[in-house]
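Let me begin by presenting the structure, written as structure tokens, before commenting on it.
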Amino acid sequence: MYDFAPDPTLSRAELHAELHAAADAITSGEPDGIANMANVAALIWQFMPDLNWAGFYRTIGNELVLGPFCGKPACIRIAWGKGVCGTAAALGATQLVEDVHAFPGHIACDAQSRSELVVPIMRDGAVIAVIDLDSPLPARFNGEDAAGIERLAALLSTRI
Ligand code: SME
């Protein structure tokens with residue numbers, strides 16, 4: 001059993017530092033990428049409040065395919081360049097969306113979602129997956145969250 005108990009009084013930066021340390025510990029030495037994505041999705045879900053979806057889409061051919069996640073069942077395949085996830089993958093750049101209704105082409109997998117953060121995971125210059133976080137709160141994510149999840153994506157580059 002792994003029992004990571006985030007302290008609710010932590011600042012956002014501290015919370016991301018703790019999430020990173022937990023993700024490092026739980027994936028260290030484990031070669032199976034699916035297992036690592038599953039555990040990291042669960043850690044994000046546990047550490048970050050006010051999420052309704054947290055997980056991975058993997059690059060397979062010219063589309064993104066659903067990977068391990070926490071939340072409601074979601075769209076399985078997203079074409080490169082489509083939606084927030086496909087845009088992050090096509091641009092190789094983080095997408096921080098304060099209001100998903102204002103994002104042209106946003107794909108609503110859960111009608112509750114109001115804001116979204118998508119961070120690409122790169123390996124050898126290619127986007128191999130994205131981390132997708134959704135919240136039912138508008139503007140749930142800020143630059144500290146983007147920076148924290150980008151550090152997590154860098155850690156996972158060789159572990160998924
Ligand atoms: N909203 C995403 C689709 C994935 S779900 O949120 C889990 C998008 O627009 O790419």
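Just follow the structure's listing: the first ligand is 1, and inside any ligand the first atom is 1.
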For the CD atom of E18 and the CD atom of Q46, what is their distance to the nearest 0.5 Å?
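E18 atom CD to Q46 atom CD measures 11.5 Å (nearest 0.5 Å).
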List ligand 1 atoms under 4.0 Å from [X], heavy atoms only on the residue side.
X: G83; value: 9 (O), 10 (O)
X: H106; value: 1 (N), 9 (O)
X: C109; value: 3 (C), 4 (C), 5 (S), 7 (C)

Going by distance only, is there an N or O of [X] that falls short of 3.5 Å from an N or O of ligand 1?
X: V84; result: yes
X: W53; result: no
X: G105; result: no

Within the side chain of [X], is there an N or O that forms a donor-acceptor pair under 3.5 Å with the backbone of [Y]?
X: S115; Y: L137; answer: yes
X: R140; Y: P49; answer: yes
X: R77; Y: L66; answer: no
X: N39; Y: N36; answer: no
X: E30; Y: T27; answer: no

Among I107, N52, D132, whose heavy atom sits nearest atom 4 (C) of ligand 1?
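Answer by nearest heavy atom: D132.
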Looking only at protein heavy atoms, which one is nearest to atom 10 (O) of ligand 1, and how far off is it?
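Residue, atom and distance for the closest contact: C85 N, 2.8 Å.
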For atom 2 (C) of ligand 1, grab the closest protein heavy atom and report residue, atom and distance to one decimal in Å.
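The closest one turns out to be E116 OE2, 3.1 Å.
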Side-chain contact, heavy-atom cut-off 4.5 Å: H101 with R114?
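A side-chain contact exists here, since the closest heavy-atom pair is under 4.5 Å.
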Does the side chain of S135 come under 3.5 Å of the side chain of E116 through a donor N or O and an acceptor N or O?
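On atom types as modelled, these side chains do not qualify, holding no pair under 3.5 Å.
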Please classify the D134 to ligand 1 contact at 4.0 Å (heavy-atom distances, strictly less than): side chain, backbone, both or neither.
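For D134, the contact with ligand 1 is made by the side chain alone.
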Report yes or no: does Y57 have a heavy atom closer than 4.0 Å to ligand 1?
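Judged by the 4.0 Å heavy-atom criterion, Y57 does count as contacting ligand 1.
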